[in-house]
Amino acid sequence: MYALVDCNNFYVSCERVFQPRLEGRPVVVLSNNDGCLISRSNEAKALGLQMGDPYFQVKPLLEQHQVAVFSSNYALYGDMSRRVMWYLSQVAPAVEIYSIDEAFLDLHGMERFVVRSLDTFARTVRANVLARTGIPTCVGVAPTKTLAKLANRLAKKNPALGGVCYLDTDERRQWALEQVAVEDVWGIGRQYAQKLYVVGITTAAGLAGCSEAYARQHLGGVVGARLVRELQGYPCQGLAPSEDGTLARRSLCYSRTFGQPLSAFPDVVGAVSAFTSRAAEKLRRQGDAAHLLTVFVSKSRYGLEPPPYSSSIVLSLPVATSDTVELVRMARVALKRLWQPRQRYTKAGVTLEGLEPAGQAQLSLFEPGPESEKRTKLMAELDQLNRRFGKGTVQLAALLLPVGQSAPWQGQAQWRTPQYTTRLEDLLLVS
DNA sequence: TCTGGGGTCCTAGGACCC
DNA sequence: TCTGGGGTCCTAGGACCC
């Protein structure tokens, strides 16, 4: 059996933990740059607000209903997520952290140790996560990950279930499959849903009844075949392997929409350098080095200009590295090759791929010379200082701006709450 | 004026190698 | 005239996820 634990309206719930007066009121959290809605409380959903709605379009509605609006605060959400995940890892034999607000638990063999049933176990987990972190969750329990996802959805949509849905028998499974529209199945997006409707398949039950050959041909090859089998109750995927439940990333990316469109090369170079520096920090935190570096710049998709809206260049590095100086140098080379004058660029980003454990390449091919050793030590010290005194305390001289000046690419975050749990200065005071 | 950010996996085709 | 079989690596593109 697998369980999927999913936090309800996670970002909104995080804000509510520190401002209980928001309980029962409509609340939304905005994406970076205060661009669009990425988390909504149930009250906000009831007003018709959709995931991804552009803020400026729904602003009148938000004001009319006095919806509480927040800029996203990832330092807070990341920390709350760690607390939830840490608890889950204490109670389940194996955990896969699927996203910031979801985790799969592998419950195989647990039936023997759980006194009553997995249903009771799920209810206990749910109550304890709430008591320890203040975050409400729903839990789906089923024989496959895909069915656990589906069960979780039912738990969420159906208040009578009390936040837990356990599909322990074939009858329950069949009942569940009939409740869920095919487009709401994990792995069925817009394109596949459309295809399925055309041939008359509209529910998860219908999808579970389709042939493997059909799935293979029309739903993405082996992926589709696996999906159908999982709906039928045959597990085709276990938990992703990892040491501590944290997914080992195969690539990582740092990208941002600028606060305003930029046309000057020095401005965009500044952005790309800063983004590369952040990406390099992530890379080192993961203990990896990268072989491939991609830089991309994008233009607005919403204006009159025709596509393409984005262009990119991939550089292949002879030796994998996690060195900020080296990566920033390469990123600048890439940007120079990409650059076209007189464009209004709205976004840029850096992706690092071809990851391998740091130090591996140097050991196998080259002796690590005194220079590279020095550099590695320097990077470690830089990371430590930034961890201790806050992001950006120490950075490359080339990334520095004149005192009092903010970067031209910096975005909006008008309604950001304090970092209650990760910054001493922001600690909540109770008097 | 203002429309997010970060991932995964799979397939197909071409180049190249033995 | 006849024109194999397999493997790997790379790129581009498509679909999906939260």
Side-chain angles (χ1 to χ4, degrees), chain A residues 4-11 28-39 50-60 62 69 71-72 74 77-78 81 96-104 145-146 149 152-153 182-196 215-227 236-237 240 246-261 275 278-279 282-283 286 291-292 294 296 298-303 307-314 316 344 346-355 411-414:
Chain A
L4 176 67
V5 182
D6 189 347
C7 302
N8 304 346
N9 314 328
F10 183 55
Y11 299 163
V28 299
V29 174
L30 304 181
S31 65
N32 249 320
N33 219 9
D34 294 339
C36 34
L37 312 191
I38 53 170
S39 183
Q50 300 294 318
M51 181 75 174
D53 277 349
Y55 170 68
F56 74 94
Q57 276 176 11
V58 294
K59 194 173 169 198
L62 296 172
V69 176
S71 303
S72 39
Y74 288 102
Y77 310 152
S81 172
E96 171 187 327
I97 299 172
Y98 179 66
S99 72
I100 193 163
D101 64 348
E102 278 174 83
F104 285 103
K145 287 169 85 175
T146 307
K149 264 287 215 192
N152 185 284
R153 184 182 177 83
V182 76
E183 66 268 29
D184 295 327
V185 171
W186 189 36
I188 299 298
R190 264 221 310 276
Q191 311 290 324
Y192 292 166
Q194 227 173 50
K195 273 194 203 175
L196 289 163
R216 204 172 269 280
Q217 198 178 348
H218 299 285
L219 305 177
V222 297
V223 181
R226 207 152 56 196
L227 197 168
C236 302
Q237 28 173 353
T246 313
L247 287 176
R249 296 284 172 217
R250 301 166 52 83
S251 68
L252 59 86
C253 172
Y254 194 101
S255 72
R256 284 291 178 275
T257 298
F258 307 142
Q260 75 233 0
F275 298 172
R278 284 298 168 80
K282 284 198 205 178
L283 186 64
Q286 209 177 286
H291 265 296
L292 292 170
T294 306
F296 71 86
S298 309
K299 298 182 286 184
S300 172
R301 301 194 303 274
Y302 305 100
Y309 301 117
S310 182
S311 50
S312 64
I313 288 221
V314 186
S316 178
R344 286 163 55 86
T346 57
K347 175 180 178 176
V350 179
T351 302
L352 300 174
E353 291 166 284
L355 307 190
Q412 290 285 314
Q414 229 178 300

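Numbered from 1 within each chain, the chains take letters A, B, ... in sequence-line order. Nothing here was measured: the structure is a model prediction, and the numbers come from that model.
Nucleotide dG13(C) forms a Watson-Crick or G-U wobble pair with dC10(B), both donor-acceptor distances falling under 3.5 Å.
Leu292(A) is not listed as a side-chain neighbour of Leu352(A), based on a closest heavy-atom distance of 4.5 Å or more.
Here Ser300(A) does not reach the OP1 or OP2 of dT3(B): none of its side-chain N or O atoms lies under 4.0 Å away. Residue Arg250(A) has a polar side-chain atom (N or O) positioned under 4.0 Å from OP1 or OP2 of dC9(B). For Lys347(A), a side-chain nitrogen or oxygen approaches OP1 or OP2 of dG5(B) to under 4.0 Å.
When the shell of 6.0 Å around NZ of Lys195(A) is examined, it contains more than 12 heavy atoms from other residues, nucleotides or ligands.
Put simply, NE2 on His291(A) is 13 Å from P on dT11(C), counting in whole angstrom units. Atom CD in Glu353(A) sits about 14 Å away from atom P in dG6(B), given to the nearest Å. Taking atom NZ on Lys299(A) and atom C1' on dT3(B), their separation rounds to 17 Å, with Å as the unit. Atom pair Leu30(A):CG and dG5(B):P shows a separation of 13 Å (rounding to whole Å applied). The CD-P distance, from Gln50(A) to dG4(B), rounds to 16 Å in whole Å. Rounded to whole Å, atom P of dA15(C) lies 15 Å from atom CD of Gln217(A). Rounded to whole angstrom, the span from the CG atom of Leu219(A) across to the P atom of dC9(B) amounts to 19 Å. Gln194(A) has its CD atom 13 Å from the C1' atom of dA15(C), to the nearest Å.
For Cys36(A), whose side chain is taken as the heavy atoms from C-beta onward, the closest listed nucleotide among dT8(B), dC2(B), dT3(B) is dT3(B). Listed nucleotides dC2(B), dG4(B), dG6(B) differ in distance to Thr257(A); the shortest reach to its side chain belongs to dG4(B). For Ser251(A), counting side-chain heavy atoms from C-beta on, the closest listed nucleotide (dT3(B), dG5(B), dT8(B)) is dT8(B).
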Quick test: give all pairs of protein nitrogen or oxygen and nucleotides 16-18 of chain C nitrogen or oxygen below 3.5 Å, distance rounded to 0.1 Å.
unit_1  : atom_1 : unit_2    : atom_2 : d
dC16(C) : OP1    : Gly189(A) : N      : 3.1
dC16(C) : OP1    : Gly189(A) : O      : 3.4
dC16(C) : OP1    : Gln191(A) : N      : 3.4
dC16(C) : OP1    : Tyr192(A) : N      : 2.8
dC16(C) : OP2    : Gln191(A) : N      : 3.4
dC16(C) : O3'    : Gly187(A) : O      : 3.4
dC17(C) : OP1    : Gly187(A) : N      : 2.9
dC17(C) : OP1    : Ile188(A) : N      : 3.2
dC17(C) : OP1    : Ile188(A) : O      : 3.2
dC18(C) : OP1    : Lys149(A) : NZ     : 3.1
dC18(C) : O3'    : Ser99(A)  : OG     : 3.1
dC18(C) : O3'    : Asp101(A) : OD1    : 3.1
dC18(C) : O3'    : Glu102(A) : OE2    : 2.7

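Residue-level contact check: Tyr254(A) touches the backbone only, with heavy atoms under 4.0 Å from sugar-phosphate atoms and none from bases. Residue contacts for Asn33(A): at a heavy-atom cut-off of 4.0 Å it reaches no nucleic acid atom on any strand shown.
Comparing Arg216(A) and Arg301(A) by the nucleotide of DNA chain B that holds the closest heavy atom to each, the one mapping nearer the 5' end is Arg301(A). Between Gly259(A) and Leu252(A), the residue anchored closer to the 5' end of DNA chain B is Gly259(A), taking for each the nucleotide with the nearest heavy atom.
dC18(C) and dT3(B) have their P atoms separated by 25 Å, with the value rounded to a whole Å.
Between Tyr98(A) and Phe104(A), the ring planes lie perpendicular to each other; the angle is over 60°, past the 30° to 60° tilted range.
A donor-acceptor contact shorter than 3.5 Å links the side chain of Asn33(A) to the backbone of Phe258(A).
Residue Tyr302(A) and nucleotide dT3(B) are classified as a stacked aromatic pair, their ring centres being separated by less than 5.5 Å at an interplanar angle below 30°.
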